[in-house]
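Report on one structure; see the data block that follows.
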There are 2 protein chains.
Amino acid sequence: MHTVAQVNVHDHLYPLCKPPKTPFGAHIFPGLCKRFLYIKMQGPEVTLLTTIKDVAAAAGVAPSTVSRVLAGSSRISPQTHEKVRAAMKELKYHPNANARSLAKKATHTIGLVMARPVEQAFANPFFPEVMRGIGSALYAQGYNLILSMAATPAEERTACLRLLRHSRVDGVILTTSRIKDRLIDDLIKEEYPFVLIGRAPDQLGASWVNNDNVAVGAMATEHLMSRGHRQIAIINGPLDTLVSCDRRQGYVDALTRAGLPLRPDLEVDGGFTKEGGTRAMHDLMGLPNPPTAVYCVDDAMAVGALIALKERGKSGSVAIVGVNDDPLTALTDPPLTTVRIPVFDLGATAANLLVETLTGRVTGPRQIILPSQLVVRESSNWTLG
Amino acid sequence: MHTVAQVNVHDHLYPLCKPPKTPFGAHIFPGLCKRFLYIKMQGPEVTLLTTIKDVAAAAGVAPSTVSRVLAGSSRISPQTHEKVRAAMKELKYHPNANARSLAKKATHTIGLVMARPVEQAFANPFFPEVMRGIGSALYAQGYNLILSMAATPAEERTACLRLLRHSRVDGVILTTSRIKDRLIDDLIKEEYPFVLIGRAPDQLGASWVNNDNVAVGAMATEHLMSRGHRQIAIINGPLDTLVSCDRRQGYVDALTRAGLPLRPDLEVDGGFTKEGGTRAMHDLMGLPNPPTAVYCVDDAMAVGALIALKERGKSGSVAIVGVNDDPLTALTDPPLTTVRIPVFDLGATAANLLVETLTGRVTGPRQIILPSQLVVRESSNWTLG
DNA sequence: CTATGTTGTGCATACGGTTGCACAGGTAAA
DNA sequence: TTTACCTGTGCAACCGTATGCACAACATAG
């Protein structure tokens, strides 16, 4: 720890500022550096952190004037503005975000809740990509991003509420999509601003940004039918999430439109993981009447399915389609046909929507749906003989 | 927006609290919800946010007493403690983090700087995994995580400094490892607490957490030599990063110890990307005297190298070793031999070190090195015939 | 029974910035 | 010249919490 020469800032201060009798003695806050070092001497104690008062003193104006310059108020004369700017530069002034947040009741920070254990959140490339979109939009808007991290959904919920209730964030983005989510109910009840990635059950009146998951399912299924398949299985995620329901709905719709029967034995749960996909695929192949094509509602499960096929020495004999267009799906063997979800845009749009809501440019809940696109690769690009 | 019944909180207030003449009129802060709704009526204005004063009034004590209960001060009688707790619960009191940060000069928040454009940061599974480690440790310590997101290194630098100078975070974790980094110099000069993931050039006296990269290079190289290889190439990252230097050093050491010559034509730069790895591998295979084994200092480049081999119809004819043990490397064709880096622990350890520094339990710079481990898979598990 | 702690609580002030209102000085209209 | 309105700035109160110091009540020692 360093000692610092005494600088009796307050001698030069704007008269309004009495010499402080700080409640702290010669106190070095644990672990904090020179900015927070107080020195007790015969004179008044001194902090090295420059404040608007210091700037005001240097520029020969009142603190309120400095504050107005900072806020870009129009009622400041150009000369004063210039003087204050110069003083700020000379004193290397930086406004204190906590003080500002306290006074303005806004933190310019938003929270991101992942709604799954941190452990799992990044297992799927979806999250990083969504975060990239969010980050990019928030950076452009001058907002900060706090990550809410917890080990369980219950902890996640309290962590998120804590962020909001403690005024640490102005609003949150959720990536949940469980059909029943206490957190969403709480947020609505306590009237906190939030945006969902992935739609909410309609009645809630929440803001959300989603892609057209029903269309996704239909696209994948119709593509497989166009290649001559009629026994099309679906490896789905848990049905308590809306993504799973929607992506299944598209599959059902497409089959129904084509007059094909729904075979319940061709619907299995892969739990949104690669391993689950492998297991599900093995189950399907063990059926007396196995499918000729499989639509997996997520790339991770599709990759798992490919592995199962390889393990059975049947690579290429069953058509596989995934969803997401994870960067790695192009590298699988065979390269995976998939439906490209605009994951980055999902994040960016959600972030922008939330900021617009916070700044009052958007009022009330708003829902946005982004389009997806089929990407045909070798895993399905052949016709059933 | 809702209207709210008038609740003249201040009538019941502790006498210290004069009825506020708030500077705000009937003012709804843009985009904020009911908690920040003020109502102008004939009486004094009212806020719905409960503060320690409200709690104090309800419990019949002074605000300072409430504050002490919150802080768990020992000089509070059990009865008072109980009374105050009850009042807090009844009023659904939640402390305001901004006010607390202002008074305590500590935010209980740390920043994470990715040191590459957000766009690239998540391309490599390394970052998500490091973040998971950081998140997990911070959650356990009750700290929050702010992500510093910017498009360019220069912006990243100003964004990071801004977080610190504005007192939005108490310290930062950097994932940079460029040999010369202005940001690090700035942090040291302004005496902000920070921890590096990946070592710093020694003279700096910074805290960092790293894995034993020289050992990594040696392990990989010695493994290849043990399989009979003598023409071992290295696909490296840019040499202005310390990771690259260290991982190369291990390679050089191992070859030297074994009495093998260094062939400069077998050292190529793959830029830490998959595409770069593919390009580099093609270059190597085009040499008059191509290598029989290649050590790639990162899994992404190793995957790229595998692709190049496949493109040349030479899969399996050149041994490949990567570094990181990304979850996906086990899925490549052939499965990739790699050196497992404790990425999660790297993040967790860095976070813990930073918190210990902030709380004064650790003083001065400290360096920590975590061990790595070779994972042999098919891409190299055969002997040169 | 007085002198000397000890314990628990309250008062006042501080943290750094924002903003309603008052007011001085200047300008333009009557 | 007087009245009316800007314009620019300062004053003072406020955001919600933390804490040094003073002090009252009570316990203990001499």
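Here is the naming used below: chain letters follow the sequence lines, and residue numbers restart at 1 for every chain. No experiment lies behind these values; they were computed from the predicted model shown. Values below: all heavy atoms of this structure, side chains included; hydrogens, waters and symmetry mates excluded.
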Is any side-chain N or O of Lys105(A) closer than 4.0 Å to OP1 or OP2 of dG16(D)?
->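 Yes, within the criterion.
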
Does a side-chain N or O from Ser67(B) land closer than 4.0 Å to OP1 or OP2 of dA18(D), or not?
->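 Yes, because at least one side-chain N or O of Ser67(B) sits under 4.0 Å from OP1 or OP2 of dA18(D).
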
Could you state the [atom1]-[atom2] distance from [X] to [N], rounded to the nearest angstrom?
X         : N       : atom1 : atom2 : answer
Leu70(B)  : dT19(D) : CG    : C1'   : 14 Å
Met88(B)  : dG16(D) : CE    : C1'   : 15 Å
Lys53(A)  : dT18(C) : NZ    : P     : 13 Å
Arg100(A) : dG16(C) : CZ    : P     : 14 Å
Asn98(B)  : dC15(D) : CG    : P     : 15 Å
Asp54(B)  : dG16(D) : CG    : C1'   : 10 Å
Asp170(A) : dC15(D) : CG    : C1'   : 15 Å
His166(B) : dG16(C) : NE2   : P     : 14 Å

Which nucleotide in dT19(C), dG16(C), dA18(D) has an atom nearest any side-chain atom of Ala103(A) |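 Closest nucleotide to the Ala103(A) side chain: dG16(C).
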
Which residues share a ring-ring contact (aromatic ring centres under 6.0 Å, His included) with His166(B), sequence neighbours left out =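 Not a single residue meets the ring-ring contact (aromatic ring centres under 6.0 Å, His included) criterion with His166(B).
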
Qualifying residues under ring-ring contact (aromatic ring centres under 6.0 Å, His included), relative to Tyr139(A), sequence neighbours excluded =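 Result, ring-ring contact (aromatic ring centres under 6.0 Å, His included) vs Tyr139(A): none returned.
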
Any Lys/Arg nitrogen of Glu356(B) or Arg366(B) sitting under 4.0 Å from an Asp/Glu carboxylate oxygen of the other?
->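 No, no charged N to carboxylate O under 4.0 Å.
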
Set of side-chain contact (heavy atoms from CB on, under 4.5 Å) partners for Thr363(B), sequence neighbours left out =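 In terms of side-chain contact (heavy atoms from CB on, under 4.5 Å), with neighbours along the sequence ignored, Thr363(B) is linked to no residue.
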
How many angstroms lie between CD1 in Ile110(B) and CG in Leu145(B), if you round to the nearest 0.5 Å?
->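 Answer rounded to 0.5 Å: 5.0 Å.
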
In chain order, what residues pass the side-chain hydrogen bond (donor to acceptor under 3.5 Å, both in side chains) check against Ser73(B), with sequence neighbours excluded?
->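 None.
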
Arg68(A): side-chain hydrogen bond (donor to acceptor under 3.5 Å, both in side chains) partners, not counting sequence neighbours =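 With neighbours one apart ignored, the set is empty.
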
Polar atom pairs (N or O), protein with nucleotides 7-9 of chain D, under 3.5 Å:
{"from": "dG8(D)", "atom 1": "N7", "to": "Arg75(A)", "atom 2": "NH2", "distance (Å)": "2.7"}
{"from": "dT9(D)", "atom 1": "OP1", "to": "Ser77(A)", "atom 2": "OG", "distance (Å)": "3.0"}
{"from": "dT9(D)", "atom 1": "OP1", "to": "Thr80(A)", "atom 2": "OG1", "distance (Å)": "2.1"}
{"from": "dT9(D)", "atom 1": "OP2", "to": "Ser77(A)", "atom 2": "N", "distance (Å)": "2.9"}
{"from": "dT9(D)", "atom 1": "OP2", "to": "Thr80(A)", "atom 2": "OG1", "distance (Å)": "3.3"}

